[in-house]
Amino acid sequence: MENKLQLLCDILDEHQSNVSGSPNEYAQLERLAASILAQKELSDQDIQDVLTSIHQYGKEGSAISDCSKHIDDHQDQISHWINTVQQNI
């Protein structure tokens, strides 16, 4: 699970740094978040909430045409998500 959490952080960091992402990356974020949530190993409500938000971000991003705007709209959240996920690795 640590590898999945690290991969989530890496993708989110890449989105935030480059303000670009692909539909495949969004779909991967969506799948990763769902997979981690399904494992039921996380007892911390904060990380569960963050993973749910990342899942929604990925779902919306995979269906959006302007990926850069989607990332811009979520910049503050992405920082929070990365910090929360890193605390759980």
Audit row: Ile47, Ile36, side chain to side chain contact (heavy atoms under 4.5 Å, CB included) steps and yes/no: CA-CA 10 Å; Ile47 186 69; Ile36 296 166; over 6 Å; no

Pairs under 3.5 angstrom only: tabulate donor-acceptor contacts from the side chains of residues 9-16 to other protein residues two or more places apart or in another chain.
{"residue": "Asp10", "atom": "OD1", "partner": "Gln6", "partner atom": "NE2", "Å": "2.9"}
{"residue": "Glu14", "atom": "OE2", "partner": "Asn18", "partner atom": "ND2", "Å": "2.5"}
{"residue": "His15", "atom": "ND1", "partner": "Tyr57", "partner atom": "OH", "Å": "3.0"}
{"residue": "His15", "atom": "NE2", "partner": "Glu25", "partner atom": "OE1", "Å": "3.0"}
{"residue": "Gln16", "atom": "NE2", "partner": "Gln75", "partner atom": "O", "Å": "3.2"}
{"residue": "Gln16", "atom": "NE2", "partner": "Gln75", "partner atom": "OE1", "Å": "3.2"}
{"residue": "Gln16", "atom": "NE2", "partner": "Ser79", "partner atom": "OG", "Å": "2.7"}

Applying the 4.5 Å side-chain criterion to the ILVMFWY set and letting contacts propagate, would Ile71 and Ile64 be lumped into a single cluster? no

Just how far is it from atom CG of Leu32 to atom CG of Leu7, taken to the nearest 0.5 Å? 5.0 Å

Looking at Ser20 and Ser68, what are the two nearest heavy atoms and their distance? CA-OG, 4.4 Å

Kindly compute the distance separating CG (Leu51) from CG (Asp46), expressed to the nearest 0.5 Å. 11.0 Å

Provide the closest heavy-atom pair for Leu5 versus Val85 in the form atom of the first, atom of the second, distance. O-CG1, 3.5 Å

Quick one: pull up CD in Gln77 and CD1 in Ile54 and give me the separation to the nearest 0.5 Å. 10.0 Å

Donor-acceptor contact below 3.5 Å, side chain Ser62 vs main chain Tyr26: no

With heavy-atom distances below 4.5 Å as the criterion, would you say the side chains of Thr84 and Asp49 are in contact? no

Under 6.0 Å from the CD atom of Glu2, do we count more than 12 heavy atoms belonging to anything else shown? no

Give a yes or no answer on whether the side chain of His74 reaches the backbone of His70 with a donor-acceptor pair at less than 3.5 Å. yes

Of the non-hydrogen atoms in Lys69 and Asp66, which two are nearest, and what is the gap between them? N-OD1, 3.1 Å

Closest heavy-atom pair and its distance - Gln48, Leu37: O-CD2, 3.8 Å

Residue pairs fulfilling side chain to side chain donor-acceptor pair (under 3.5 Å) with at least one residue in residues 28-39, sequence neighbours excluded: Lys4-Ser35

